[in-house]
Protein chains: 2
Amino acid sequence: MERTYSISELAAEFDITPRTIRHYEAEGLIAPDRDGQRRIYSARDRVRLALVLRGKRLGFSLAEAREIIDLYAAPHGEVGQLRTLLGKLDAKRAMLEDKRRDLDAAIANMDRYAERCRERLGDLEAATREAAE
Amino acid sequence: MERTYSISELAAEFDITPRTIRHYEAEGLIAPDRDGQRRIYSARDRVRLALVLRGKRLGFSLAEAREIIDLYAAPHGEVGQLRTLLGKLDAKRAMLEDKRRDLDAAIANMDRYAERCRERLGDLEAATREAAE
DNA sequence: TGCACAGTTTACGTTAACGTAAACGTCAAT
DNA sequence: ATTGACGTTTACGTTAACGTAAACTGTGCA
């Protein structure tokens, strides 16, 4: 038997509220088992939740996140299914790469700017030392 | 004299609406000059707009985007100002790196999965060819 | 037995980021 | 002189992603 989780356990672990997790369920992102009324989360549910949250951090909407995550649960039975799945994976990968280009540019930009600031700081400090002589 | 832009020019170039650009102004992200009532955007305004949009693509709120972009317009006059600026730049850079880690993990994850799918597709196709003999 | 505690549903509220519409100004061309 | 094309302000509407509150349901234990 694999480990399971209550909603408040997962909420605490990922620093979100139970309401948020229920909302993700209402949006079709997670589908936990039930023990009567109570939700029971499996390890796989937990992984999906982590994927949702990572998607959010990367700026995806819940709908976009679901599109991506659902690919990981798509049927693999037939050759045709596998082909279309691979096509979709390729498209999503391209989106992620676009984001990486944006991100790398933003970081490089900031690094160049910080470097110029450090140079200027060095100049100012040198001038201050001279003035102190 | 540098080139200037009208609001609809910029809107067309970045594929957004004038309303969006005005909204960014209302939120303090851009501050174009005026010719009477009309807004006149400079090359620097255009760069700021591009930065805002990139920030949005990376999942930042307008407020977060403004925080980052404003660093590029922060005063450099005194040594103290430069020091705090460099500190803030460092913090923002760390945020960006966190995002890059998330992004790299997402891409690596997807690549591994796609690879498994391709293997499985190869197996299925081989089995199909055998059955055709 | 009773009560605290965790969970549930239902439903209205809130915030960010614009969309949409109305009413108006201005300037060039017909 | 009027008609577009573009611009402006003001203001209400909308959507996503939850927050918040109320009312209810088990479940373990003192």
Side-chain angles (χ1 to χ4, degrees), chain A residues 3-43 45-46 48-70 95 99 102 106, chain B residues 3-42 45-46 48-70 92 95 99 102 106:
Chain A
R3 235 212 104 167
T4 63
Y5 307 83
S6 75
I7 195 168
S8 54
E9 269 180 310
L10 289 186
E13 176 177 356
F14 292 108
D15 197 31
I16 55 182
T17 69
R19 173 69 175 95
T20 298
I21 300 181
R22 290 191 198 102
H23 180 61
Y24 293 166
E25 180 176 349
E27 297 294 315
L29 291 159
I30 319 178
D33 291 340
R34 298 279 182 139
D35 170 23
Q37 289 250 92
R38 292 178 130 73
R39 287 170 241 266
I40 308 270
Y41 297 86
S42 69
D45 292 327
R46 181 168 162 271
R48 280 182 74 94
L49 178 55
L51 289 178
V52 173
L53 296 174
R54 189 170 71 190
K56 289 222 65 193
R57 288 196 301 272
L58 293 176
F60 291 106
S61 70
L62 293 185
E64 288 169 325
R66 189 185 48 202
E67 275 189 49
I68 295 177
I69 294 173
D70 281 349
M95 289 188 48
K99 251 173 217 232
D102 270 333
Chain B
R3 236 213 102 168
T4 63
Y5 306 83
S6 76
I7 195 168
S8 55
E9 270 180 310
L10 288 186
E13 175 177 356
F14 291 108
D15 196 30
I16 55 182
T17 69
R19 174 68 175 96
T20 298
I21 300 181
R22 291 194 197 101
H23 180 61
Y24 293 167
E25 179 175 349
E27 296 294 316
L29 291 160
I30 319 178
D33 292 340
R34 297 280 181 140
D35 171 23
Q37 289 250 90
R38 292 177 129 74
R39 292 167 171 80
I40 308 269
Y41 296 87
S42 69
D45 292 327
R46 181 168 163 269
R48 279 182 75 94
L49 178 56
L51 288 178
V52 172
L53 296 174
R54 188 169 71 189
K56 288 222 67 193
R57 287 196 301 273
L58 293 176
F60 291 106
S61 70
L62 293 185
E64 289 169 325
R66 189 185 47 201
E67 275 188 49
I68 295 177
I69 294 174
D70 280 349
K92 297 300 179 188
M95 290 188 48
K99 254 177 215 227
D102 270 332

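Letters A, B, ... mirror the listed sequences (proteins, then strands); counts begin at 1. This is a predicted model, so every value here is computed, not measured.
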Q: Looking only at side-chain atoms of A:Arg19, point me to the closest of D:dT8, D:dG19, D:dA17.
A: D:dG19
Q: Assess whether one donor atom and one acceptor atom, taken from the side chain of B:Arg22 and the base of D:dT8, lie less than 3.5 Å apart.
A: no
Q: The side chain of A:Gln37 lies closest to which of these nucleotides: D:dA17, C:dT8, C:dC18?
A: C:dT8
Q: Rounded to the nearest 0.5 Å, how far does CG of A:Leu10 lie from OG1 of A:Thr4?
A: 9.5 Å
Q: If you round to the nearest 0.5 Å, how far is OH of A:Tyr5 from CD1 of A:Ile21?
A: 12.5 Å
Q: Which whole-number value in Å describes the distance from B:Tyr41 OH to D:dC6 C1'?
A: 13 Å
Q: Given D:dC18, C:dA6, C:dC18, identify the nucleotide with an atom nearest to the side chain of B:His23.
A: C:dC18
Q: If the cut-off is 4.0 Å, is A:Ser6 near the phosphate of C:dA6, judged by side-chain N/O to OP1 or OP2?
A: no
Q: Should B:Tyr24 be listed as having a side-chain N or O under 4.0 Å from OP1 or OP2 of C:dA17?
A: no
Q: Find which nucleotide of DNA chain D each of A:Lys56 and B:Arg39 is nearest to by heavy atoms, and output the residue with the more 5' nucleotide.
A: B:Arg39
Q: How many Å lie between CD1 on A:Ile21 and P on D:dG19, as a whole number?
A: 11 Å
Q: Any non-hydrogen side-chain atom of A:His23 less than 4.5 Å from a side-chain atom of A:Arg19?
A: yes
Q: What is the distance, rounded to the nearest whole Å, between atom CG of A:Leu49 and atom P of D:dC18?
A: 11 Å
Q: Of all the choices, C:dA11, C:dG7, D:dT9, which nucleotide is nearest to the side chain of A:Arg38 once you look at every atom?
A: C:dG7
Q: How close or far is atom C1' of C:dC18 from atom CG of B:Leu53, stated in whole angstroms?
A: 13 Å
Q: Does A:Glu25 come within less than 4.0 Å of A:Arg34, counting only side-chain N to carboxylate O?
A: yes
Q: How many Å lie between CD on B:Glu64 and P on C:dA16, as a whole number?
A: 12 Å
Q: Check the phosphate of C:dG19 against B:Thr17, side-chain N and O only, distance under 4.0 Å to OP1 or OP2. Yes or no?
A: yes
Q: Over how many whole Å does the gap from A:Glu9 atom CD to C:dC5 atom P extend?
A: 18 Å
Q: Look at the side chain of B:Arg34 and decide which nucleotide, out of D:dT9, C:dT8, C:dC18, has an atom nearest to it.
A: D:dT9
Q: Find the distance B:Tyr5:OH to D:dG7:P and express it as a whole number of Å.
A: 15 Å
Q: Mark yes or no for whether A:Asp102, through its side chain, and A:Lys99, through its backbone, hold a donor-acceptor pair below 3.5 Å.
A: no
Q: Send over the distance from B:Glu25 CD to C:dA17 P, rounded to a whole Å.
A: 16 Å
Q: Nearest to the side chain of A:Thr20 - D:dC18, D:dT8, C:dT8?
A: D:dC18
